[in-house]
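Working notes for the structure below.
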2 protein chains.
Amino acid sequence: MVQLGRHFGRGPASLAEIAAEEDLPRAYLEQLVMSLRDAGLVVSTRGAHGGYELARPPADIQMGTILRALEGPIAPMICASDDPEHATTCDRTANCTVNLLWVRIRNAVTGALDSMTLADLVPPRLINVEPATSTATAATPPTATTADPPTLQGALTPS
Amino acid sequence: MVQLGRHFGRGPASLAEIAAEEDLPRAYLEQLVMSLRDAGLVVSTRGAHGGYELARPPADIQMGTILRALEGPIAPMICASDDPEHATTCDRTANCTVNLLWVRIRNAVTGALDSMTLADLVPPRLINVEPATSTATAATPPTATTADPPTLQGALTPS
DNA sequence: GCCAATCCCGAGTGATTTCGTCGGGATTAC
DNA sequence: GTAATCCCGACGAAATCACTCGGGATTGGC
């Protein structure tokens, strides 16, 4: 998750920590992270003070890779899967012209997905509301500390 | 459905006909077509010899319109809906940077969807069971181009 | 006028997926 | 040795999807 990206370079983060920050049930998060680990995206450290951290820098992790790890191959329809392994040809395939549409959509989605990396979604330095352990939040370069990067909000509302 | 497009100009087609051609349960098809009718995409004729037909020529019906009629607003996630009406801001919206990703994906999908019309999917004149070898393999002359509409902001990678 | 074909429409069902829980075992720092 | 943490399989609730049922309303043909 993005949370881990934010945490990159600071050692492993425990499930409890992430769950608290993300406001998700710990047990559920566990399942998700296991998938990510099986996909080689995160590495785990067992025992006390253990936790998870990214296997490689955020910029090297495409969002598509994450999604595929969590939800399987990208496929708007069964007949248009990302992964040839699961290309179950629906019985209609022969005369199903709509397939072309699905494939186009899938390409659009995978394109969008693979054109973004985790680094694109890790806020430069988003100061959380947590008042704990305040490390003098503003002690960073002048531009980076803005809480609302223009690029982010630009695409959000106007549709 | 594509079937109706194929039938365009030949008067109304009954549910029974379409169901037979599509190999779908009649009662189910009924539901789908009702949605399309409510959206003004098809018009119905009641009584004996009644049926459904397209409200306008296939080239004037975007696939996106069909999909929206059948499945509601395009939204990969609740926080990134097509329709501002249903823009339910998830409680995390404030610090959820992933939203940017979803919006991008949604734009990619809607772009792909709205760049195709029903006419693009109606086989020019597909001879049904005939093993016409000539059309078999080379059958994507017009569409094979990376027809990325400019609205897709270049997110599409050429496959 | 009657009948059959057809659309109209709301309610119900079963399978699948998604999200989430539970309980206990294994590993490691201190 | 003990507490923190990951590991892992199984279970359960809720939503969604694909589909069914049953009856009513409208219309063309006889």
Side-chain angles (χ1 to χ4, degrees), chain A residues 1 3-4 7 11-55 67-79 81 86 88 90-92 96 98 102, chain B residues 1 3-4 7 11-55 67 69-79 81 86 88 90-92 98 102:
Chain A
M1 288 299 202
Q3 228 70 23
L4 275 176
H7 204 273
S14 77
L15 274 182
E17 282 178 72
I18 308 174
E21 285 175 39
E22 285 274 14
D23 194 30
L24 284 179
R26 203 218 109 199
Y28 179 43
L29 241 191
E30 194 170 334
Q31 284 187 328
L32 301 181
V33 179
M34 301 256 303
S35 305
L36 296 173
R37 187 202 41 167
D38 291 345
L41 293 177
V42 306
V43 292
S44 61
T45 311
R46 303 187 65 167
H49 296 123
Y52 298 91
E53 54 191 321
L54 295 183
L67 260 280
R68 273 179 276 258
L70 290 177
E71 319 203 328
I74 313 281
M77 282 314 247
I78 16 78
C79 52
S81 173
H86 298 77
T88 49
C90 62
D91 42 348
R92 291 193 234 307
C96 173
V98 193
W102 298 136
Chain B
M1 289 296 204
Q3 229 69 22
L4 275 176
H7 204 271
S14 76
L15 275 181
E17 283 178 71
I18 309 174
E21 286 175 38
E22 285 273 14
D23 193 30
L24 284 179
R26 203 220 97 175
Y28 179 43
L29 240 191
E30 195 171 334
Q31 285 187 328
L32 301 181
V33 179
M34 301 256 303
S35 305
L36 296 173
R37 187 201 41 164
D38 291 345
L41 293 177
V42 306
V43 293
S44 62
T45 312
R46 303 186 66 168
H49 297 124
Y52 298 91
E53 54 191 323
L54 294 184
L67 259 279
L70 290 178
E71 318 204 327
I74 312 284
M77 281 315 247
I78 16 77
C79 52
S81 173
H86 297 79
T88 49
C90 62
D91 42 347
R92 291 194 234 307
V98 192
W102 298 136

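Heavy-atom basis, side chains included; hydrogens, waters and symmetry copies ignored. Below, read A as the first sequence line, B as the second, and so on, with proteins coming before strands; counting in each chain starts at 1. All figures in this text were calculated on a predicted structure; none of them were measured in a lab.
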Tell me: [atom1] of [X] to [atom2] of [N], nearest whole Å?
X	N	atom1	atom2	answer
A:Glu22	C:dC19	CD	C1'	15 Å
A:Leu15	D:dA3	CG	C1'	16 Å
B:Leu32	C:dC8	CG	C1'	15 Å
A:Leu29	C:dT18	CG	P	17 Å
A:His49	D:dA4	NE2	P	9 Å
A:Leu24	C:dG20	CG	C1'	10 Å
B:Asp23	D:dA18	CG	C1'	14 Å
B:Ile18	C:dC7	CD1	C1'	12 Å

Measure from the side chain of [X], starting at C-beta and using heavy atoms only, and say which of [options] lies closest.
X	options	value
B:Pro25	D:dC19, D:dC7, C:dT21	D:dC19
A:Ala27	C:dC9, C:dC7, C:dT21	C:dT21
B:Tyr28	C:dC7, C:dC8, D:dC19	D:dC19

Do A:Glu30 and D:dC6 share a donor-acceptor pair, side chain to base, under 3.5 Å? no
Within the modelled atom types, does a donor on one side and an acceptor on the other bring the side chain of B:Gln31 and the base of D:dT20 under 3.5 Å apart? yes
So, taking the atom named OH in B:Tyr52 and the one named CD in B:Glu17, what distance separates them when rounded to the nearest 0.5 Å? 12.5 Å
Taking atom CG of B:Leu15 and atom CD of B:Glu22, what is their separation to the nearest 0.5 Å? 12.0 Å
Closest heavy-atom pair and its distance - A:Ser35, A:Leu70: CB-CD2, 4.2 Å
Atom of A:Arg68, atom of A:Pro73 and distance for their closest heavy-atom approach: CG-CA, 4.3 Å
[N] phosphate, OP1 or OP2: any side-chain N/O from [X] under 4.0 angstrom?
X	N	result
B:Arg46	D:dG28	no
A:Tyr52	D:dC7	yes
A:Thr45	C:dT28	no

Of A:Arg26 and A:Ala48, the one whose closest nucleotide on DNA chain D sits nearer the 5' end is A:Ala48
Give A:Gly47 one of three labels, base, sugar-phosphate or nothing, depending on what nucleic acid heavy atoms sit under 4.0 Å from its own. base
Kindly write out the residues that satisfy side-chain hydrogen bond (donor to acceptor under 3.5 Å, both in side chains) with B:Glu30, not counting sequence neighbours, or none if the list is empty. B:Arg26
